[in-house]
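Dropping a structure here in structure tokens format, bear with me for questions.
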Amino acid sequence: MYLNINKEIAKIFRDMAHIYEFLDDKFRALAYQKAAQVLEDLPDDVRNYIALGKLSEIRGIGTHTQEKIIEYIKTGKIQKYEELKKLVPPDFLELMDVPGFGPKTLKRIYQELGISTKEELIKALKDGRVAKLKGFGPKKVENMLKGLELYEKSKERLLLWEALNIANTIVEKLKTLKEIKNIELAGSLRRKKETIGDIDILISCDDKDREKVIDFFINLEDVKEVLAKGDTKASVIIKEKDRQVDLRVLKPDEWGSGLQYFTGSKEHNVHLRDYAKSIGLKISEYGVFDAKTGEKIAGDTEESVYKAVGMQWIPPELREDRGEIEAALKNSLPKLVELSDIKGDFHCHSTWTDGFNTILEIGQYIKENFKYEYLVITDHSKAVRVAHGLTEDDVLKQIEEIDKVNKIIGYPLLKKGIEVDILLDGSLDLSDEILSKLDWVVASIHTNFNRDNTDRIIKAMENPYVNVIGHPTGRIFGTREGYQLSDEVFKVAKETGTALEINSQPLRMDLPDIMVKKAVDMGVKLVISSDSHSLSNFHYIQLGVYIARRGWAKKEDVINTLSWKEVEKFVKDKRKRFGVKT
DNA sequence: GCCGTTTTCGGCCCGACTGTTTTCAGTCG
């Protein structure tokens, strides 16, 4: 059985794109690249789209790519791909991702030197054979070797939370320079993608101040090595995690178009510029121009850039070419949820199980550092032995403890909850009687990840006391990929009035953005949770908000934006639905 | 191979940089 068929086919399409590039058929390459992207962005198994006849409706998938997808599902392979593979040495497909290794370069090395493996190629680069080819030289060869090193390094991407912290430290230092007029993170960091390659910082200042600003940047104590320094750009490697940080300096009147361009994504920019072209405009990092007269129409702010092409300003988190351009044209972009909308947190652990802080410490910390109306304490239940999960008796005792702490705090900030375990058969490891005494119940899977868990999750959602499914896909970066959530899960969530969690732990970020979008589209409610195990963890909630925004979530989609009274209604409504007395 | 934004055929983002060239191809973001 296929573990993740969307990704498998996307991988093949990416390979095919590479092969077509190699064969100098760049537009066909583009088409396969796009189709691969679309497949990876699908929140659901591609077979379900086919069953509903909706696959070819998606922009980027046409009759021929659809046929090939169906062929793969039926036969486990794509004939055309098998044929194409014979035309390119297998190592070269990977090599095309290496900086400095374009299709033209590789093709000539293959044809003129008869080289077909990565190993041979490295040897030929080093012994001077490549440098002797016409149009090649020592510098190019040097850059290719450097590219190989960079490629190995860039395979390890930073998690968003780490990257944000590193970048913000530098931004704060830069902000102390009064010459800087604007400063923003750019690239995938500004879009809040799950993982980040390079850190891009954008600033604007007067021309005369450029040198001073760039010098200040490359002389920061965080900098380990300066890679490049020019008039408009500097690249450094910083001490922390040996990461590359690029600083780009813009002119103040090009701030908007520059920021727009450097924020990306590439796909978003291509689509945007393509559209602009169709209405007689031209967009570049220097501004929006009339294509005929060359007259500059906009560019000082990002708003002006989008406005010039008749669109709403698009929040960076949406700029992935997943329909935001069409929506912005129709003035129908959602108003995304914001951190300031969040009134409470629904998932955290105390010293009663595997948390580092007592309930009192947690309560006092939240009172001092957050403007929350409520925080639900949700320790583990007994099945999670490694965390000393709570028994029925423990739960009753903890309820008393929370009442005591609330008295000390002065108001009922802390609510009584549990992270109850979903067992292999989908039943829960605490009785309904105990669950009924709690304000809020998170149900999570902590065992048997390597199976389709649809049945377990659905059974848990059909329990009247379960309010949200914790970390729904079970993924952990670098450890487990997580299971797919079938359509059925979203349907039953909607029907039963059960929410899905956006777990904000940096290693989880679970739900992933594309599934958040699916939940939003299907009317399933979301809960953003820090899943804190220590006081500093509570700040992860910001990360969850970013993910929610990348999934197009509005305030109304997120339970944390409700007052506690409204949360209680959400809980009661579900119990009523199942005919339970409340 | 895809798509329809006064197109169902004829396009497919834009500009900078680099290294190799005597005017530009290849690559990148």
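Quick caveat, the model's predicted, so the values are computed rather than measured.
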Could you state the atom-to-atom distance from CD of Glu21(A) to P of dG1(B) in whole Å? 16 Å
Take atom CD of Glu267(A) and atom P of dC2(B), then tell me their distance rounded to the nearest Å. 17 Å
Lys104(A) has a side chain; which of dC2(B), dT27(B), dG29(B) sits nearest to it? dT27(B)
Whole-Å P distance, dG11(B) and dG19(B): 35 Å
Are any of the side-chain nitrogens in Glu302(A) or Arg190(A) under 4.0 Å away from the carboxylate oxygens of its partner? yes
Could you give the CZ-to-P distance, from Arg28(A) to dC3(B), as a whole number of Å? 14 Å
From NZ of Lys26(A) across to C1' of dC28(B) the rounded distance in Å is 13 Å
Nearest-angstrom distance from the residue atom CZ of Phe22(A) to P of dG26(B): 14 Å
Do Lys54(A) and Asp44(A) sit within salt-bridge range, that is, some charged N less than 4.0 Å from a carboxylate O? no
Send over the distance from Ile78(A) CD1 to dG1(B) P, rounded to a whole Å. 12 Å
Does dT21(B) adopt a syn or an anti glycosidic conformation, taking syn as a chi angle within 90° of 0? anti
Taking only the P atom of each, what is the distance from dT7(B) to dG15(B) in whole angstrom? 26 Å
Does a donor on one side chain and an acceptor on the other come within less than 3.5 Å for Asn269(A) and Gln260(A)? yes
Just to be sure I understand the rule, does Lys68(A) reach a base, reach only the sugar-phosphate, or reach nothing, if contact means heavy atoms closer than 4.0 Å? sugar-phosphate
Across the strands shown, which category fits Val38(A) at heavy-atom distances under 4.0 angstrom: base, sugar-phosphate, nothing? nothing
Atom P, compared across dG29(B) and dT23(B): separation rounded to whole Å: 29 Å
dT20(B) and dC14(B), which share atom name C1', separated by this distance in whole Å: 23 Å
Under a 3.5 Å limit for both distances, which nucleotide forms a Watson-Crick or G-U wobble pair with dT8(B), could you say? none
So, OP1 or OP2 of dG1(B): does either fall under 4.0 Å of a side-chain N or O from Tyr32(A)? yes
Using the C1' atom as the reference point in each nucleotide, state the distance between dC3(B) and dT8(B) in Å, no decimals. 9 Å
Before accepting this row, confirm whether a basic side-chain N of the pair Arg108(A)/Glu112(A) lies closer than 4.0 Å to the acidic partner's carboxylate O. yes
Taking side chain to side chain donor-acceptor pair (under 3.5 Å) as the cut-off, I'd like each qualifying pair that reaches into residues 274-290 of chain A, sequence neighbours left out, listed once. none
Write down the distance between CG (Leu84(A)) and P (dG1(B)), rounded to a whole number of angstrom. 9 Å
Decide, yes or no, whether a salt bridge links Glu221(A) with Lys173(A) under the criterion of side-chain N to carboxylate O below 4.0 Å. yes
So does Glu324(A) pair up with Arg191(A), basic N to acidic O under 4.0 Å? no
Show me the pairs that pass salt bridge (charged side-chain N to carboxylate O under 4.0 Å, His left out) and involve residues 83-92 of chain A, at least two apart or across chains. Glu82(A)-Lys85(A)
Select one nucleotide: of dG4(B), dT27(B), dG1(B), the one nearest the side-chain heavy atoms of Arg59(A). dG4(B)
Using the side-chain heavy atoms of Thr105(A), tell me which of these nucleotides is nearest: dT27(B), dC2(B), dT5(B). dT27(B)
Salt bridge between Glu172(A) and Lys175(A), side-chain N to carboxylate O under 4.0 Å? yes
Check each residue of residues 293-327 of chain A for a non-hydrogen atom within less than 4.0 Å of any atom in DNA chain B, then write out the ones that pass by number, or none. none
Do Asp15(A) and Lys11(A) meet the salt-bridge criterion of a basic N to acidic O distance under 4.0 Å? yes
How far does the P atom of dT6(B) sit from the matching atom of dC2(B), given to the nearest Å? 22 Å
How many Å lie between CD on Glu57(A) and C1' on dG4(B), as a whole number? 16 Å
Quote, to the nearest angstrom, the C1' distance that separates dT5(B) from dC12(B). 13 Å
Comparing Thr63(A) and Tyr275(A) on DNA chain B - which has the more 5′ nearest nucleotide: Thr63(A)
Write out a two-atom table: protein N or O, nucleotide N or O from nucleotides 6-8 of chain B, distance below 3.5 Å.
none

Once you apply a heavy-atom cut-off of 4.0 Å, does Gly264(A) come out as touching a base, just sugar-phosphate, or nothing? nothing
Salt bridge (charged side-chain N to carboxylate O under 4.0 Å, His left out): which pairs involve residues 57-70 of chain A, sequence neighbours left out? Arg59(A)-Asp321(A), Arg59(A)-Glu326(A)
Determine the interatomic distance between C1' on dC28(B) and the same-named atom on dC13(B); round to the nearest Å. 13 Å
Under 4.0 Å, counting only non-hydrogen atoms across every strand here, what does Ile61(A) touch: a base, just sugar-phosphate, or nothing? sugar-phosphate
So, Glu320(A) and Lys193(A), do they make that salt bridge, N to O below 4.0 Å? no
Sugar-phosphate means primed atoms, P, OP1 and OP2; the rest is base. With that split, encode nucleotides 11-21 of chain B 5' to 3' as B, S or - using protein heavy atoms under 4.0 Å. -BBBSS-SSSS
Regarding Gly60(A), tell me which of base, sugar-phosphate or nothing describes its non-hydrogen contacts under 4.0 Å with the strands shown. sugar-phosphate
In terms of side-chain geometry, is the basic nitrogen of Lys212(A) or Asp215(A) positioned less than 4.0 Å from the acidic oxygen of its partner? no
Is any side-chain N of the basic residue among Asp127(A) and Arg129(A) closer than 4.0 Å to the acidic one's carboxylate O? yes
